[in-house]
Amino acid sequence: MDSFSHHAEHKLLDLYNNHDHEVGSQLKLTEPEKYKDYQSTDCITYVLRAISHGFSKTGNEAAAKKVWTLGRHGTELAKYLVDQHHWKGIYINPDQNHPIDEDHEHTYTSFLANKKCEYYKIPLDYKVVNYSVTSKNHPAFQKTTKHGLTKLNTVSINSLKSITFGFGLSRGGKHTWLFRQGKVYEVHWETVGDTLYESTDLSVFGWLSGVIVVPPGQSGAIAVSAELKCG
Amino acid sequence: MGKPMLIRSWLLVSLVIFCLSACTQSNTLLLDYHEFGPPAASTDLIGHNWWQWQPHGHSYRKDYPIKIVVYDKVSPQAVQSQYPIEPQYQKDYRYLPKKQALIYLNEKINENAIEDLTQTLMNTRHKIQSHFGE
């Protein structure tokens with residue numbers, strides 16, 4: 001196996017497992033002398049290192065360089081990957097009707113995903129939703145009871161476990177992360193050592209709604225029921 | 001120039017500065033970022049909901065106290081000088097002409113995607129209209 005995903009996944013795991021030489025970018029800013037010999041990293045840097053490595057190892061040096069110019073906003077990077085490299089966009093939302101943090105962000109992105117097949121203008125092909133529904137006795141549910149209890153769907157999220165590499169973003173790029181076999185891999189920019197990198201099961205990831213974009217070869221195993229159609 | 005003349009000039013200059021400042025304040029309205037709805041709706045209008053001098057936000061959920069300066073009948077330059085963006089003091093302002101704010105709010109209110117959200121946007125529209133005397 002010598003695909004983009006193979007190399008990008010390798011980098012994802014390499015950085016996740018070996019980062020004694022790294023420090024979060026904000027921590028380095030606050031204590032520059034202490035961390036002068038450490039390499040600075042943060043959530044978007046982790047993403048860019050893995051994706052540019054994948055392009056570089058598959059002979060696309062132009063794309064490997066290009067992605068670094070798009071790191072200013074995660075949404076621009078995701079759009080570039082979808083538009084220019086035929087990646088597929090997957091909208092995620094644990095409960096479309098009752099976001100556990102009661103924030104309109106999640107219900108509104110769900111509205112746009114279903115109506116326009118877009119997440120912050122990133123084209124979407126799939127939606128994986130309602131995989132961790134808010135219970136009836138939760139205050140967040142009580143606030144918007146008119147929808148009733150959301151029907152649990154675990155089929156779609158389980159189909160994401162076969163994806164070996166993806167790039168995710170939450171709240172329009174406020175936070176960016178990598179995705180592998182059902183888990184979110186992220187960097188925290190104000191820490192160092194064991195807490196610098198973290199992996200979390202997508203089903204309990206606290207940022208709730210967002211998007212995962214995956215290389216074209218990765219989307220084959222996504223459940224048919226997750227296909228999104230608009231218009 | 002005699003001393004009384006100097007004092008009069010100083011008073012005149014002070015008065016002009018005071019008036020300019022007061023005029024700018026009455027022609028502006030400071031609102032919170034969230035009063036324009038979730039970022040998924042408002043980003044195109046007022047930018048992202050994290051510091052504009054950073055490429056992304058904090059990896060643990062954090063709210064940023066970004067202020068939206070809605071203005072009318074005053075130059076953008078005057079507004080910017082009244083409310084400067086100062087990263088060192090975490091002062092992040094987004095400047096928004098009143099007309100643009102109302103176009104956006106009317107559009108999203110008509111869209112009526114989510115009942116609660118529509119109510120929030122109607123409240124914001126009311127605040128703007130009241131402040132600018134419409």
Side-chain angles (χ1 to χ4, degrees), chain A residues 24-26 29 42-48 70-77 97 99 101-115 118-121 143-144 146-147 169-177 184 186-191 195-198 206-211, chain B residues 31-68 85-90 92 94 101 104-125 127:
Chain A
S25 59
Q26 291 299 299
L29 278 178
D42 50 36
C43 64
I44 191 69
T45 303
Y46 183 36
V47 166
L48 291 168
L70 300 169
R72 175 83 189 138
H73 290 127
T75 45
E76 294 304 313
L77 175 59
N97 303 316
D101 63 2
E102 302 177 21
D103 195 322
H104 287 136
E105 169 74 0
H106 314 296
T107 36
Y108 194 76
T109 55
S110 171
F111 167 77
L112 290 180
N114 287 304
K115 188 180 174 192
E118 282 182 1
Y119 175 85
Y120 285 84
K121 300 206 172 89
K143 206 174 173 188
T144 51
K146 73 170 187 175
H147 289 290
L169 50 98
S170 307
R171 290 179 179 260
K174 192 172 188 178
H175 187 34
T176 57
W177 35 274
V184 169
E186 59 183 328
V187 163
H188 302 297
W189 68 1
E190 77 294 11
T191 63
T195 55
L196 181 59
Y197 284 72
E198 186 180 16
W207 284 77
L208 307 184
S209 68
V211 69
Chain B
L31 293 170
D32 289 332
Y33 186 98
H34 67 81
E35 291 185 86
F36 288 85
S42 64
T43 292
D44 283 349
L45 182 77
I46 53 178
H48 293 290
N49 73 333
W50 63 86
W51 299 138
Q52 61 182 280
W53 49 87
Q54 288 181 340
H56 55 81
H58 203 281
S59 60
Y60 294 112
R61 295 269 316 279
K62 175 188 170 179
D63 287 326
Y64 293 81
I66 296 162
K67 292 287 182 187
I68 311 303
I85 295 156
E86 297 174 299
Q88 68 274 32
Y89 302 116
Q90 302 201 329
D92 189 339
R94 314 290 166 86
Y104 162 83
L105 290 167
N106 288 334
E107 185 192 309
K108 297 296 174 195
I109 288 165
N110 288 337
E111 184 179 62
N112 195 21
I114 304 154
E115 215 172 283
D116 289 356
L117 171 59
T118 302
Q119 191 55 56
T120 301
L121 299 176
M122 285 169 75
N123 294 343
T124 306
R125 183 173 67 180
K127 271 189 190 178

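So that the names make sense, note that chain A is the first sequence line, chain B the second, and so on, each numbered from 1.
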*Heavy-atom distances under 4.5 Å only: say whether I114(B) touches chain A with side chain, backbone, both or neither.*
side chain
_Segment of D116(B) engaging chain A (4.5 angstrom heavy-atom cut-off)_ = both
Over all atoms of both residues, closest heavy-atom pair of [X] and [Y]:
X       : Y       : value
Y120(A) : A40(B)  : OH-N, 2.9 Å
H104(A) : T120(B) : CE1-OG1, 4.4 Å
W189(A) : Q54(B)  : CH2-OE1, 3.4 Å
G172(A) : W50(B)  : O-CH2, 3.6 Å

*asked:* Quick check on E186(A) against chain B: is it the side chain, the backbone, both or neither that has a heavy atom closer than 4.5 Å?
replied: side chain
_chain B contact via L112(A) - which portion, at a heavy-atom distance below 4.5 Å_ = side chain
*Look up atom CG in N49(B) and atom CZ in R171(A), then write down how far apart they are to the nearest 0.5 Å.*
7.0 Å
*Do K108(B) and Y108(A) meet the criterion of a side-chain donor-acceptor pair at a distance under 3.5 Å?*
yes
*T109(A), T176(A), L169(A), D101(A): which one forms the most heavy-atom pairs within less than 4.5 Å of chain B?*
D101(A)
*asked:* With chain B as the partner, which of E198(A), H106(A), H188(A), H73(A) has the greatest number of non-hydrogen pairs under 4.5 Å?
replied: H188(A)
*Evaluate whether atom CG of D32(B) has more than 12 neighbouring non-hydrogen atoms of other residues, nucleotides or ligands under 6.0 angstrom away.*
yes
